[in-house]
Amino acid sequence: MPLALLALAVGAFGIGTTEFVMMGLLPDVADDLHISIPSAGHLVSAYALGVVIGAPLLAAATARMSRRTVLIALMALFVAGNALSAFAPGNGSLLAARFVSGLPHGAFFGVGAVVATTMVPPERKARSVSLMFLGLTVANIAGVPAATLMGQHLGWRATFLGVSAIGLVAIASLAFLIPRDHTHAPSTGLRGELAALRSLPVWLALGTTVAGFGALFAAYSYVTPMLTGAAGYAETSVTLLLALFGVGATAGNLLGGRLADHSLRGTLFGGLVSLAAVLALFPLLMRTEWSAALAVTLLGTAAFVTGSPLQLMVMEKAPAAPSLASSANQAAFNLANAGGAWVGGLTLAAGWGTTSPALAGAALAVLGLGVAAAAYTVDRRRATPSAGRVVTTHVPEGSTALHR
């Protein structure tokens, strides 16, 4: 694998850190800015909104630019957004800064995935994407806990300055390691890129992402009350258990990339089935501490096995607009985050129990499996030769015959 993938992983590490660290800093931010915890929670939503809006817009706007230049520019915007967050004087300006920080997220992963696949042989495409995503999963193991500790001891503003420093390292890595001869965008232009997204297979692939990762976030958004209320863990132990989720996600990401290079569709189906099974077993696994720790690890593994296959499938369904489709898939991931958390919250509000969000997640995983099956059926029908085509048969010399 080319060393240039390391530069993409460094950028992914910084993005993953800033995306998830806000959850751990909410009490500190709320106290410093004299706002409530729910109001501080809007900072998470502002970032996600930036991802959803920025992913397709920035990818489309930069469709004819060198991808190397685009990646560096996106990371520069990321640095600026986090620096603005560090110096934000109040809640309103911090909301705007978090929105700006989220804008380059989806486009960076989208364009980065395309660049990663152009630097390896076809049989290693999924693995290259998984290695870029490795930065995101490792951020959950090391980046987020370290940044949270920094914020708790040095102040939350120091955390965003630290994330900005990671972004500067990523810019230097991209400039030094990404080769120029692998980064030229196709000449289809903005209109061609947008037209490529009209395909039904593309939308089915995006729908699979929303449902499949919505299953993850339906449970993961409420994993802390599950661990403390059902499994009996102390709140001080939750950070370590979330690191176990990151370990599982890292293992699943690497496994999914390797398996998808052999069977893209098989890996996707297998991952969704595994995810549904793990989530369905959550109420049972949350009865003891050791099984709850196992459940959190398996959740990360099963969910992220599907990450690389989903990203690659969307790109393959839109060959004329891989950057835009790939970025749109990142927006779909964030829609899954918001939608999954909403569905899981409905089960809690209905009084169905602490572990009920996991069962809602299992239902979403089954839905994702159904959408993936529909996508497979559409692909098979499009690949099947038309029944009305004209074929030639062998006939005696001197005569001809055509049969339908």
Side-chain angles (χ1 to χ4, degrees), residues 8 10-26 29 39-62 70-88 90-113 132-133 135-137 139-140 143-144 147-148 151 156-157 159-168 170-171 206 209-210 213-214 217 220-221 311 323-324 326-342:
L8 297 173
V10 172
F13 178 82
I15 289 174
T17 299
T18 200
E19 179 181 18
F20 293 108
V21 75
M22 182 55 74
M23 286 76 159
L25 295 178
L26 285 182
V29 174
S39 295
H42 295 157
L43 297 168
V44 178
S45 302
Y47 183 92
L49 182 62
V51 177
V52 173
I53 293 177
L57 288 183
L58 291 178
T62 58
V70 171
L71 288 171
I72 293 174
L74 290 172
M75 193 49 58
L77 181 58
F78 169 83
V79 171
N82 281 279
L84 288 172
S85 298
F87 294 106
N91 185 45
S93 55
L94 184 55
L95 278 169
R98 287 296 288 169
F99 175 79
V100 172
S101 299
L103 287 174
H105 176 131
F108 182 88
F109 277 105
V111 176
M132 182 189 69
F133 282 173
L136 180 64
T137 58
N140 283 281
V144 174
T148 302
W156 63 269
R157 297 179 188 276
T159 294
F160 291 112
L161 287 177
V163 172
S164 296
I166 296 173
L168 292 175
I171 289 175
L206 294 173
T209 296
V210 172
F213 268 79
F217 288 110
Y220 187 66
S221 300
Q311 190 72 29
S323 295
L324 181 55
S326 184
S327 300
N329 197 48
Q330 293 300 313
F333 278 122
N334 277 267
L335 288 174
N337 189 339
W342 176 71

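Computed over heavy atoms, backbone and side chain alike; hydrogens, waters and symmetry mates excluded. Nothing fancy with the numbering, it's 1 onward along the sequence.
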Smallest separation among heavy atoms of I15 and Y47, with atom names: CG2-OH, 3.7 Å
Side chain to side chain, N91 and L43, heavy atoms closer than 4.5 Å: yes
Check: S326 side chain, A113 main-chain N or O, donor-acceptor pair, under 3.5 Å: no
Enumerate, atom names and distances included, each donor-acceptor pair closer than 3.5 Å involving a side-chain atom of residues 72-88, sequence neighbours excluded.
| residue | atom | partner | partner atom | Å |
| --- | --- | --- | --- | --- |
| N82 | OD1 | T18 | OG1 | 2.6 |
| N82 | ND2 | F78 | O | 2.9 |
| S85 | OG | G81 | O | 2.9 |

Mutual orientation of the aromatic rings belonging to F213 and F217 [parallel < 30°, tilted 30-60°, perpendicular > 60°]: tilted
Ignoring hydrogens and angles, write down the donor-acceptor pairs under 3.5 Å from the side chains of residues 327-340, residues two or more places apart or on other chains.
| residue | atom | partner | partner atom | Å |
| --- | --- | --- | --- | --- |
| S327 | OG | S323 | O | 2.8 |
| N329 | OD1 | T209 | OG1 | 2.7 |
| N329 | ND2 | Q311 | OE1 | 3.0 |
| Q330 | NE2 | Q311 | OE1 | 2.8 |
| N334 | ND2 | Q330 | O | 3.2 |

Least distance between heavy atoms, T17 atom then A147 atom: CG2-CB, 3.9 Å
Rounded distance [0.5 Å steps], CG in N140 versus CD in E19: 8.5 Å
Student check: side-chain heavy atoms of V29 and M22 closer than 4.5 Å: yes
Spatial distance of atom CG (L49) from atom CG (L103) [nearest 0.5 Å]: 8.5 Å
Minimal non-hydrogen separation, V111 against V70, with atom names: CG2-CG1, 4.2 Å
Whether F160 and W156 hold their rings parallel, tilted or perpendicular, with breakpoints at 30° and 60°: perpendicular
Point-to-point distance, once rounded to the nearest 0.5 Å, from CG of L136 to CG of L8: 13.0 Å
Atom pair OG1/CG of T159 and L25 - distance to nearest 0.5 Å: 5.0 Å
Close side-chain approach of F108 to L71, heavy-atom, < 4.5 Å: yes
